[in-house]
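The structure appears right after this line, and notes come after that.
Numbers for residues simply follow the sequence, beginning at 1.
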Amino acid sequence: IACGGWHSMAITDRKTVLVWGRNAEAQLGLGPTVRSPKICMPTPLTALSQPAAPRVIQIVGGLWHSLALSEDGVMSGWGSHQSGQLGLGPVVNSTAHNTKHQPRQIPLNRLVKQITASGSNSACVTRKYLSFSSPLSWCSPPLVCTAYPDKGYVYVWGLGFSGQIGNGDKENAWVPTLVKPLEELEAKQVALGANHVVVLLNSNKVFSFGAGLYGRLGINSENDQSIP
C-alpha cells in the first residue's frame with residue numbers, strides 16, 4: 001500500500017494495482033476519459049494490471065504524482081510533471097503538457113530496486129547487479145538495454161530549489177539525475193521528505209541533503225545543503 005498527498009494505492013495478491021482519492025492532477029493514472037476530480041472507491045489501474053505486463057512490486061505517491069516499479073526493474077510515472085517529478089524531460093509551460101493521465105515509462109539506462117516520492121520529487125536506487133530484458137515491449141516506448149554489472153546508484157529528480165537534487169545547484173531536474181557526490185559509494189535505500197533526501201549506504205553510513213529547516217538533515221544545522 002502507499003499514500004500520496006491526497007490519494008492512495010494498493011497492489012493486490014493478483015497483481016492488480018488499485019487507486020483512489022484525488023484525481024485532479026491525474027495522479028490516479030486512469031486515463032484522460034476519467035475526468036472526475038476524485039474517486040472514492042479502490043479502482044483498478046488497468047494500464048499496470050495487464051496479464052502480459054511484469055508484476056508491479058512497489059508503488060509510491062508524491063503530492064500530485066505517482067510512481068510504480070515493476071519486477072523487471074523498470075519505473076513508470078503519472079500525474080503532475082510540473083516540476084519534473086515524473087522524470088520525462090522538459091515540458092512547455094502548459095498544464096495539458098505537464099500532466100500525464102496514464103503511466104509512462106521513465107527512461108533510465110539502469111534497472112531499479114527501490115523508488116520513493118514526496119512532494120514534487122522522486123528518487124530511486126539502482127540494482128547492484130542487472131539482468132535486462134531487451135526489449136521491454138509491454139510499455140511504450142520499449143526500452144532496449146545491454147546487461148552489465150552495476151551497483152546501488154542514487155538518482156533524484158523534480159523540484160530543486162532547496163538543493164535536494166544533490167549536485168550543488170538548486171535547479172529542477174527534469175530527468176532522473178545521478179547524485180554524483182555519492183557515485184563511488186554503494187547505496188542501499190533512499191528516502192524523501194519535505195524537500196530533503198536521506199540516503200542509507202550498504203556500509204550503514206547515512207547522507208542527507210536538501211532543505212535543512214528544523215534540523216531535518218541531522219547535521220546540527222538548519223541550513224540547506226545542495227551536496228550530500
Side-chain angles (χ1 to χ4, degrees), residues 1-7 9 27 57-69 73 75 77 79-89 106-130 150-228:
I1 56 174
C3 293
W6 291 287
H7 66 294
M9 300 174 285
Q27 56 263 63
I57 59 173
Q58 189 184 1
I59 45 176
V60 295
L63 190 58
W64 299 308
H65 74 292
S66 305
L67 302 182
L69 175 64
M75 299 180 291
S80 174
H81 188 52
Q82 187 72 38
S83 301
Q85 58 263 53
L86 296 183
L88 300 174
I106 299 173
L108 184 64
N109 62 351
R110 292 186 169 97
L111 298 188
V112 173
K113 69 176 181 180
Q114 184 239 331
I115 56 174
T116 185
S118 179
S120 295
N121 285 104
S122 304
C124 72
V125 177
T126 63
R127 293 182 181 179
K128 183 176 180 181
Y129 297 104
L130 308 187
D150 205 346
K151 63 180 180 180
Y153 293 109
V154 178
Y155 287 79
V156 183
W157 57 100
L159 202 63
F161 73 90
S162 294
Q164 62 262 49
I165 305 302
N167 284 320
D169 59 41
K170 296 191 175 183
E171 300 296 322
N172 291 357
W174 295 91
V175 297
T177 301
L178 178 66
V179 181
K180 292 182 180 179
L182 300 179
E183 187 174 9
E184 298 303 317
L185 305 174
E186 192 170 299
K188 183 177 183 179
Q189 183 182 0
V190 60
L192 293 178
N195 303 317
H196 70 293
V197 184
V198 178
V199 177
L200 173 65
L201 303 182
N202 276 345
S203 64
N204 289 327
K205 291 182 178 180
V206 175
F207 285 80
S208 61
F209 49 99
L213 187 63
Y214 304 117
R216 71 193 84 173
L217 299 182
I219 57 174
N220 197 30
S221 169
E222 292 191 78
N223 294 331
D224 294 353
Q225 301 291 326
S226 60
I227 294 177

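Listed here is the closest heavy atom pair of R127 and V112: NE-O, 3.3 Å. Scanning both residues, T116 and V190, for their nearest heavy atoms gives CG2-O, 3.6 Å. Closest approach of D224 to G212, counting heavy atoms only: OD1-N, 3.0 Å. In plain terms, the two heavy atoms of S208 and V198 that are nearest each other are CB-CG2, 4.1 Å. The two residues S80 and L86 come nearest to each other via the heavy atoms O-CG, 3.5 Å. Closest approach of I59 to M9, counting heavy atoms only: CD1-CB, 3.4 Å.
Residues N172 and W157 form no side-chain contact, since every pair of their non-hydrogen atoms from C-beta on lies 4.5 Å or further apart. Within the 4.5 Å cutoff, no side-chain heavy atoms of W64 are placed close to those of Q82. Within the 4.5 Å cutoff, the side chain of N121 has no heavy atoms near those of the Q85 side chain. Here the side chains of S226 and D169 are not in contact, with every heavy-atom distance at 4.5 Å or above. At a threshold of 4.5 Å between non-hydrogen side-chain atoms, the residues P228 and V199 do not count as touching. Under the 4.5 Å side-chain criterion, counting only non-hydrogen atoms from C-beta, P107 is not in contact with V175.
Distance check, rounded to the nearest 0.5 Å: OG1 of T177 to CD1 of I165 gives 6.0 Å. We find the CG-CD distance between L67 and Q27 to be 12.5 Å, quoted to the nearest 0.5 Å. Rounded to the nearest 0.5 angstrom, E186 CD and Y153 OH are separated by 9.5 Å. In this structure, the separation between CG on L159 and OG on S83 is 4.5 Å, given to the nearest 0.5 Å. Distance check, rounded to the nearest 0.5 Å: CD of Q58 to NZ of K113 gives 11.5 Å. The CG atom of L217 sits 11.5 Å away from the CG atom of N220 when rounded to the nearest 0.5 Å.
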For L63 and W6, what are the C-alpha separation, side-chain angles and deciding distance, and is it a side-chain contact (heavy atoms from CB on, under 4.5 Å)?
CA-CA 7 Å; L63 190 58; W6 291 287; 3.9 Å; yes
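Annotation for E222: atom CD counts as buried by contact number, over 12 foreign heavy atoms lying within 6.0 Å.
Residue pairs satisfying the ring pair (Phe, Tyr, Trp, His ring centres under 6.0 Å) criterion with at least one member in residues 182-209, sequence neighbours excluded, are absent.
With hydrogens and angles disregarded, no donor-acceptor distance shorter than 3.5 Å links the side chain of N195 to the backbone of G210. Judged purely by atom type and a 3.5 angstrom limit, Q114 has no side-chain atom pairing as donor or acceptor with the backbone of C124.
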